[in-house]
There are 2 protein chains.
Amino acid sequence: MATLKDVAQRTGLGLGTVSRALSGHPNVRPETRRKVQEAARELGYSSNGLARALRRNRSYSVGLILPDLENEFYTTAASVVQRLLRDEGYRLLVSCNNNSSEVDAELLRSLMESRVDGIVHAPCTPEGADLVRAADPRVPVVEYARRSSARGVDSVIGDDERGAAEVVRHLVDLGHRRIAMVAGPPELSTTADRVRGFHDACARFGLPKRGCPVLHGPSYDARWGEAATRQILDRHPGVTAIFISGSRGALGALKAVRDRHVSVPRDLSLVGFLGPELLDVANPPLTRYVLPLEEMSTMTARLLLDRIQHPREQAAAEPNVMRFEGKLMVRESTAPPREHELPRSGGS
Amino acid sequence: MATLKDVAQRTGLGLGTVSRALSGHPNVRPETRRKVQEAARELGYSSNGLARALRRNRSYSVGLILPDLENEFYTTAASVVQRLLRDEGYRLLVSCNNNSSEVDAELLRSLMESRVDGIVHAPCTPEGADLVRAADPRVPVVEYARRSSARGVDSVIGDDERGAAEVVRHLVDLGHRRIAMVAGPPELSTTADRVRGFHDACARFGLPKRGCPVLHGPSYDARWGEAATRQILDRHPGVTAIFISGSRGALGALKAVRDRHVSVPRDLSLVGFLGPELLDVANPPLTRYVLPLEEMSTMTARLLLDRIQHPREQAAAEPNVMRFEGKLMVRESTAPPREHELPRSGGS
DNA sequence: CTGAAAGCGCTAACAC
DNA sequence: GTGTTAGCGCTTTCAG
């Protein structure tokens with residue numbers, strides 16, 4: 001491929017001038033610039049971004065590490081962040097850690113080698129991007145969706161605790177008193193927050209602790225949602241509502257209840273958390289707690305850009321923790337429990 | 001950050017030796033290597049990938065350009081390709097052209113500047129990645145899902161024509177004779193293929209041409225699916241089945257029929273194309289033609305890796321065109337048209 | 001406004 | 001085995 005030198009030779013100008021002409025430096029005679037541009041075009045010149053990045057110590061690329069690239073919850077982030085960063089001239093290195101701490105660490109290392117200007121990270125361990133902070137504390141990191149103990153990183157998260165509480169309140173309002181929660185891996189901050197919200201709300205409403213089991217699982221995927229729902233159906237027959245705290249889990253739950261011929265919401269109420277919009281056309285449309293993903297993603301990108309473009313304040317400013325409230329979208333998968341078809345006083 | 005030079009000074013060794021030690025070159029005494037590794041660790045050394053890439057003229061990164069990062073159809077590709085490439089040590093630059101030719105061209109240019117070793121491209125123009133071929137024909141390109149006229153590129157696509165024909169056959173088997181097709185932008189190869197398959201099949205089965213309208217739209221999104229469905233309901237009351245040829249369009253169609261209180265499949269049959277698995281829990285579960293996305297994505301990654309790792313044959317070998325067959329998944333959104341509840345001879 | 005020259009961090013070729 | 005050196009292509013002083 002043609003290099004700057006080629007363009008310089010072609011135009012008879014010096015390297016420096018050509019460089020300046022092409023990168024919009026002001027101190028270039030308009031005609032010179034024109035000539036350079038023409039020569040560049042004729043030669044099919046394409047600036048070597050690697051060389052530029054090396055020289056300027058700035059790669060104009062940022063990394064994005066997500067747990068899952070097929071989950072709406074995260075692809076929204078990928079999409080929004082990509083677009084916003086692109087508008088500012090940044091490229092996006094996207095990768096997926098599958099919630100594996102080994103993979104996560106390797107990806108972070110790889111991003112550091114690429115000398116990215118910043119990182120968006122959905123941590124899957126309590127340490128998060130500590131590795132990055134240690135290697136070069138100047139590289140800004142914004143945590144998305146989850147929090148870790150890494151110091152000096154911003155985070156953009158949902159108000160999981162409050163969301164879980166709202167779910168419980170909705171169910172209690174309908175008359176439920178035995179609610180099961182399907183949770184994810186305990187090491188994720190989101191799981192912890194949601195479980196806390198659930199427990200607190202249950203206590204506040206005086207629900208029987210033993211009637212409200214929490215099932216921790218290995219992941220947040222549909223398979224676990226299905227398995228957990230089956231378990232609840234088998235082992236906790238008294239439960240009248242299930243709260244499924246994962247973005248894909250609800251799909252598994254819908255499958256499980258359909259297989260078992262359990263009618264929702266007649267026999268059982270179902271509430272999802274963060275489920276995709278598609279669940280509006282599910283059978284039945286699913287009541288769920290949703291987070292403002294677009295806003296959160298936008299904020300993530302802005303925060304990162306800010307840190308990248310104003311490294312000065314980076315050192316000084318306190319890390320931001322932006323916690324976004326979601327809202328409960330009541331659909332058709334929740335209804336009063338069967339015992340409540342009659343006034344409360346009447347027993348079963 | 002620490003550089004090779006720092007490690008060299010620390011160990012008292014030469015630059016070359018340190019470089020070799022760290023990058024696994026055989027000609028290094030084991031003990032030397034150990035010492036180097038230790039020093040590197042102590043200094044928190046992280047190899048500068050930009051410098052390496054510049055020097056070796058190989059960036060170990062590849063680009064992926066998709067029309068939409070929130071659509072399951074494409075995120076599957078992103079996910080699979082990312083994983084497979086990562087396993088081979090490549091990073092993935094992901095971006096989205098939104099089916100805009102300007103954006104697409106700019107993204108391709110940006111990837112060339114990044115000196116990616118290869119590109120996966122879902123073209124949104126007939127020219128596709130011609131730009132890349134012109135700039136540097138050695139950079140391998142694999143087209144995904146769609147085809148362009150760019151020369152010397154491999155492509156991995158679905159058998160859209162056949163799929164559309166299968167959809168028609170299914171509906172005809174049920175007794176439908178007036179089938180509307182909701183299509184996408186005419187400039188996409190997929191649209192053309194599907195429409196051709198649709199028309200051919202209609203002709204083959206002797207369906208009335210005027211009873212089988214094809215609606216071309218500006219995109220393949222849910223909004224267009226909804227609008228088109230409404231249009232059909234309004235202007236083509238004779239139609240008994242709608243074939244929605246887009247991965248998100250079916251969601252819009254479901255919304256439209258629900259709003260209009262049209263009962264599916266009693267009043268109207270609905271068939272989707274490439275819709276997400278989630279549609280299995282839709283109301284009603286949607287009959288649709290699906291492509292083996294995982295296989296297709298895997299093939300895409302393999303093809304690209306092959307081209308990258310064996311540049312020799314690149315020049316020689318003919319471009320591959322891998323066309324994958326899908327299959328029709330019959331669910332509950334299709335049924336015989338109302339007139340057919342009685343034997344055929346009976347009129348309306 | 002333009003040219004010359006230094007050097008970003010690394011690898012690979014060549015000497016020893 | 002190891003050290004030295006020349007550059008990969010670019011930006012950015014510093015002179016003029």
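Note that these values count all heavy atoms, side chains included, but never hydrogens, waters or copies made by symmetry. Protein chains get the first letters and strands the later ones, always in sequence-line order, with residue 1 at the start of each. This one's a predicted model, so the numbers in the text were calculated from it and none came from an experiment.
For the pair B:Arg58 CZ and C:dA12 P, the interatomic distance rounds to 11 Å; values are reported in whole Å. With rounding to whole Å, A:Gln9 atom CD is found 13 Å from C:dG3 atom P. Remark: P of C:dC1 and NE2 of A:His25 are 10 Å apart, rounded to the nearest angstrom. In this entry the distance linking CG of A:Leu54 with C1' of C:dC10 reads 8 Å, nearest Å. In this structure, B:Tyr60 places its OH atom 21 Å from P of D:dC8, rounding to the nearest Å. To the nearest angstrom, C1' of C:dT11 lies 13 Å from CG of B:Leu22. The separation between A:Glu113 atom CD and C:dG9 atom C1' is 12 Å, rounded to whole Å. Taking atom CG of residue A:Asn57 and atom P of nucleotide C:dC10, one finds them 12 Å apart after rounding to whole Å.
Below 30°, between 30° and 60°, or above 60°: for B:Phe73 and B:Tyr144 the angle between ring planes is between 30° and 60°, a tilted geometry.
In the model, A:Ser95 has no side-chain atom that pairs as donor or acceptor with a side-chain atom of B:Arg91 under 3.5 Å.
When atom types are taken as modelled, the side chain of B:Arg146 and the backbone of B:Glu143 share no donor-acceptor pair closer than 3.5 angstrom. Distance alone, capped at 3.5 Å, is enough to place a donor-acceptor pair between the A:Thr11 side chain and the A:Ala8 backbone.
Every side-chain hydrogen bond (donor to acceptor under 3.5 Å, both in side chains) that A:Glu127 has, sequence neighbours left out, goes to A:Thr125.
For D:dC10, neither phosphate oxygen OP1 nor OP2 lies less than 4.0 angstrom from any side-chain nitrogen or oxygen of A:Ser19.
Counting heavy-atom neighbours within 6.0 Å of A:Asn320 CG, excluding the residue itself, gives a total above 12. Heavy-atom neighbours of A:Arg86 CZ from other residues, nucleotides or ligands within 6.0 Å: above the threshold of 12. Other residues, nucleotides and ligands contribute only 12 or fewer heavy atoms inside 6.0 Å of the CG atom of B:Asn57.
Among all heavy-atom pairs drawn from A:Arg307 and A:Glu318, the shortest one is NH2-O, 3.3 Å.
A heavy atom lying under 4.0 Å from DNA chain D marks none of the residues of residues 35-53 of chain B.
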Just the atom pairs and distances: protein N or O near nucleotides 1-5 of chain D's N or O, under 3.5 Å.
from, atom 1, to, atom 2, distance (Å)
D:dT2, OP1, B:Thr32, OG1, 2.7
D:dT2, OP2, B:Arg29, N, 3.0
D:dT2, OP2, B:Thr32, OG1, 3.3
D:dG3, OP2, B:Gly14, N, 2.5
D:dG3, OP2, B:Thr17, OG1, 2.7
D:dG3, N7, B:Arg20, NH2, 3.2
D:dG3, O6, B:Arg20, NH1, 3.2
D:dG3, O6, B:Arg20, NH2, 3.4

